[in-house]
Amino acid sequence: MTEFLILRMSAEEAITLDIDLSGNFSRLERGYVFAECERVIGEYERSGAPRRVIRLGIGDATLPVCPAVSAAFAAAAEEMSHAETFRGYPPVSGYSFLRDAASGYYRALGASVSPEDIYISDGTKSDAGNIYDILGDCTVCIPDPGYPAYRDCAIMAGKRTKDIPAAADNSFLPMPDCLGKDVRGAAIWLCSPGNPTGAAYTEKQLGAWVDFALESGSLILFDAAYAAFAAPGIPRTIYAVKGAEECAIEFYSLSKSASFTGIRCAWCVIPSALCSGGARLTELWRRRLSARSNGVSYPVQRAAQAALSKIAINYADECVRYYKENAAMIKIVFEGKGIEACGAASSPYVWIKCPDGYSSEGFFDRLLRKAQIAGTPGDGFGSGGRGYLRLTGFGTRADTEEAARRLDTLL
Ligand code: MLT
């Protein structure tokens, strides 16, 4: 079986410096899952795969951006070539036109978020790592399985982590009782609709988390990157829940629904009500931003503003429908073979229980080598993902149909 998903730290041959490097990296158990998968897939392709490998691993958009978005992007780029409209450094928190538009996004969901509390960034992955800069000696609670950047960045930042088991027996939706009663002052990651399992919290369940956070003085870090995929009735923002503005930061991304994986634009909401130890979290975040960032480029922010227009949101809804149909097509093949699979309803992902006693890596290997389909081994999302594999609906329709045929033949 392929040797992969290991952390390679080999500097024996060329030690030339005498500086102390961060020891935190040695606490990482493996390489970053998507990078490692890509390495394995690339090696397999170069070794002479019998046919084209269909990549259903990383959740990368394949549909083009809405024409209104590219037009705004191009117009803003053009503005930069005229003295009258040229712009230098952007405001570090983002232009007010985009923060206003983001605030409007929440208004349309029935939630009230002030533009002042919105901070524009180049992506949720960056924000998820950067947030640790303003946290001190608190435990970071991470759903297991969960998006690997939460854990990897916490470890690199030297944080103490605690798993929140998100297993089949709790429908992959852990509730506060999974944390134990004595947890206080923790930072708690929640992702809904969830990556990788596709499970999504109801408003009542999110309400229980908000109550727990308020009672225990904890901070919820709510990843809403897949909000656009939520089925009707599933909340698309934590701020749909009363009290969340006193205990939750939300991360929103344009990557998946508006095809911004390459353009890069996202935001986080840090409500000004959030305080701890006499300090406002927003003040620390602004201080951090001003020291560490020069913000996101003007054309990208104009493109993001256009992505929040009515026409682009309708376009994004169509993209989301397409990806979810792809995911449903994949899920049906597994279910038809009597293999447990979930996701697709509120998610672009399908979370599959590996059949016949295969490990995550064994099943990844089997799909790659026998069907030339690349997925993501479930244990790359944490030990709770052992024995699972994730496939994505982000492929093109033609690739997804071809993958469904190959899977039907193989399984
Ligand atoms: C995923 O496939 O889980 C994510 O899209 C990867 C990422 O955002 O880094």
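Whatever order the structure lists ligands and atoms in, that order sets their numbers, starting from 1. Here, residue 1 is the first one in the sequence, and each next residue gets the next number. Keep in mind it's a predicted model, so treat the numbers as computed, not measured.
Distance alone, capped at 3.5 Å, places no donor-acceptor pair between the Asp100 side chain and the Phe97 backbone. A distance-only check finds a donor-acceptor pair linking the side chain of Ser259 to the backbone of Leu63 [under 3.5 Å].
With no hydrogens or angles considered, no side-chain donor-acceptor pair links Gln305 and Tyr95 at under 3.5 Å.
Interface of Lys125 with ligand 1, defined as ligand atoms under 4.0 Å from a residue heavy atom, comprises 9 (O). Those atoms of ligand 1 with a heavy atom of Asn195 less than 4.0 angstrom away are 1 (C), 3 (O).
Distances from atom 9 (O) of ligand 1 to the heavy atoms of Phe34, Tyr147, Phe381 put Tyr147 nearest.
For the ring pair (Phe, Tyr, Trp, His ring centres under 6.0 Å) with Tyr388, the lone residue among Trp351, Tyr349, Phe334 that qualifies is Trp351.
Between Gly59 and ligand 1, at least one N/O pair is under 3.5 Å apart.
The single protein non-hydrogen atom nearest to atom 5 (O) of ligand 1 is Lys256 NZ, 2.2 Å, given as residue, atom name and distance.
For the pair Tyr349 and ligand 1, a heavy-atom separation below 4.0 Å is found.
Residues Asp60 and Arg55 are not paired through a salt bridge, judged by the lack of any N-O separation under 4.0 Å between the basic side chain and the carboxylate.
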